[in-house]
Amino acid sequence: MNNTEFKKILQICTSEIGFEYYKKNYYYQSEKLIVVINTQKSNYDDSYYVNYGFCVRDIHDNLKYPKINECDIIGRFINNTNDKKEYEFKLYTISSDELIKCFDYNIRYIIIPVVNEDINKYFELFPKAIYTAKRNLKEYLEKIK
């Protein structure tokens with residue numbers, strides 16, 4: 001697989017559920033959250049990481065297209081094509097079908113549940129992620145308890 005095919009598959013998988021492409025990122029705008037998905041090329045071999053981030057609208061009033069580093073909490077898609085959990089998608093070992101299944105899994109079991117409920121769902125899925133959340137998100141969560 002090459003870079004173009006990898007990015008085309010990501011484009012198709014995200015656009016099917018309503019993401020829009022804007023300045024090298026994929027965005028989903030819900031009433032409560034903005035979801036950002038982007039790719040990060042590895043410096044060491046022909047592989048990519050797929051990062052995602054959530055911005056809580058109550059914290060960011062006028063933010064429309066945040067960059068990944070502006071998100072309140074970030075994570076990475078999981079490559080579950082073999083027995084071990086990896087975050088790297090190696091273009092020379094993964095097939096198109098495997099990639100579609102990985103993207104579908106990550107979107108279906110991480111992104112969609114958080115969008116359908118709220119940011120608290122992310123911490124139900126990944127309890128230790130609270131340690132990597134930005135301070136403004138932690139303060140927000142304390143306030144809404």
Side-chain angles (χ1 to χ4, degrees), residues 1-138 140-141:
M1 171 179 315
N2 62 32
N3 297 348
T4 305
E5 187 179 2
F6 175 85
K7 290 181 180 181
K8 184 67 177 168
I9 291 170
L10 181 59
Q11 161 93 50
I12 291 166
C13 291
T14 55
S15 66
E16 285 177 351
I17 60 161
F19 276 79
E20 66 173 304
Y21 186 75
Y22 181 76
K23 292 190 178 180
K24 298 186 180 184
N25 294 303
Y26 301 90
Y27 292 94
Y28 185 87
Q29 311 275 342
S30 79
E31 197 174 296
K32 297 178 182 179
L33 297 169
I34 301 170
V35 184
V36 183
I37 295 176
N38 77 359
T39 58
Q40 179 182 348
K41 178 83 170 83
S42 172
N43 291 331
Y44 302 105
D45 62 8
D46 199 19
S47 61
Y48 281 90
Y49 299 96
V50 179
N51 305 309
Y52 60 85
F54 297 100
C55 284
V56 177
R57 286 196 183 271
D58 287 345
I59 298 172
H60 308 279
D61 292 334
N62 298 319
L63 201 55
K64 176 105 170 134
Y65 295 108
K67 292 184 172 40
I68 198 82
N69 63 342
E70 295 174 295
C71 292
D72 300 312
I73 186 76
I74 59 173
R76 279 196 167 145
F77 276 15
I78 300 164
N79 178 351
N80 54 2
T81 56
N82 54 28
D83 294 337
K84 59 183 180 177
K85 182 170 123 177
E86 296 179 324
Y87 297 100
E88 191 172 26
F89 293 90
K90 297 177 181 166
L91 301 186
Y92 49 88
T93 61
I94 194 166
S95 71
S96 298
D97 289 338
E98 289 173 324
L99 190 61
I100 291 168
K101 286 179 188 172
C102 284
F103 289 164
D104 182 59
Y105 171 84
N106 284 278
I107 290 168
R108 185 180 309 267
Y109 294 106
I110 299 171
I111 305 298
I112 291 176
V114 176
V115 168
N116 287 342
E117 293 185 37
D118 62 18
I119 197 66
N120 285 311
K121 182 65 177 176
Y122 187 75
F123 299 112
E124 286 177 30
L125 296 170
F126 303 100
K128 292 183 179 180
I130 194 68
Y131 301 115
T132 63
K134 289 190 177 175
R135 183 177 43 180
N136 60 350
L137 178 58
K138 291 177 186 177
Y140 171 79
L141 293 172

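None of the values given here were measured: they were computed from a predicted structure.
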For this session: Start with the C-alpha gap between Y87 and Q40, add the side-chain angles, then the distance that decides, and say whether side-chain hydrogen bond (donor to acceptor under 3.5 Å, both in side chains) holds.
Result: CA-CA 11 Å; Y87 297 100; Q40 179 182 348; over 6 Å; no

Once you round to the nearest 0.5 Å, how far does [atom1] of [X] lie from [atom2] of [Y]?
X: Q29; Y: K64; atom1: CD; atom2: NZ; value: 4.5 Å
X: F54; Y: L137; atom1: CZ; atom2: CG; value: 11.0 Å
X: D46; Y: M1; atom1: CG; atom2: CE; value: 10.5 Å
X: I111; Y: N116; atom1: CD1; atom2: CG; value: 11.5 Å
X: I94; Y: E86; atom1: CD1; atom2: CD; value: 9.0 Å
X: D104; Y: L99; atom1: CG; atom2: CG; value: 11.0 Å

Restricting to non-hydrogen atoms, name the atom on [X] and the atom on [Y] that form the minimum distance, rounded to 0.1 Å.
X: I110; Y: P113; answer: O-CD, 3.5 Å
X: H60; Y: N136; answer: CE1-ND2, 3.9 Å
X: I12; Y: S15; answer: O-OG, 3.2 Å
X: I119; Y: I73; answer: CD1-CG2, 3.8 Å
X: V115; Y: S30; answer: CG1-CB, 4.1 Å
X: C55; Y: D72; answer: CA-OD2, 3.4 Å

Seminar exercise, completed: Tested for side-chain contact (heavy atoms from CB on, under 4.5 Å) against V50, the lone hit among I37, I78, T14 is I37

Problem set entry | Under 3.5 Å: donor-acceptor pair, side chain of K134, backbone of C71 | yes

Exercise. If you look only at pairs with a residue in residues 2-21, which of them pass as a ring-ring contact (aromatic ring centres under 6.0 Å, His included), with sequence neighbours excluded?
Worked result: F6-Y48, F6-F103, F19-Y28, Y21-Y26

Problem set entry | R108 atom CZ, over 12 foreign heavy atoms within 6.0 Å | no

Exercise. Any chance NZ of K41 has more than 12 other-residue heavy atoms, nucleotides or ligands included, within less than 6.0 Å?
Worked result: yes

For this session: In sequence, state the C-alpha distance, the side-chain angles, and the governing distance for I34 and R57, and then conclude on side chain to side chain contact (heavy atoms under 4.5 Å, CB included).
Result: CA-CA 7 Å; I34 301 170; R57 286 196 183 271; 3.7 Å; yes

Heavy-atom side-chain proximity of [X] to [Y] below 4.5 angstrom:
X: C102; Y: T81; value: yes
X: Y27; Y: P66; value: yes
X: L141; Y: F123; value: yes
X: I107; Y: I112; value: yes
X: I9; Y: I100; value: yes

Problem set entry | Which residues share a side chain to side chain contact (heavy atoms under 4.5 Å, CB included) with D45, sequence neighbours left out | S42, S47, E88, K90, Y92

For this session: Could you tell me which residues satisfy ring-ring contact (aromatic ring centres under 6.0 Å, His included) with Y105, sequence neighbours excluded, listed by chain and number?
Result: Y109

Problem set entry | Cationic N near anionic O, under 4.0 Å, E5 to K8 | no

Exercise. Without hydrogens or angle criteria, can the side chains of Y49 and N51 be said to hold a donor-acceptor pair below 3.5 Å?
Worked result: no

Exercise. Which is it for E98 and K101 under the salt bridge (Lys or Arg N to Asp or Glu O under 4.0 Å) test, yes or no, and what are the steps along the way?
Worked result: CA-CA 5 Å; E98 289 173 324; K101 286 179 188 172; over 6 Å; no

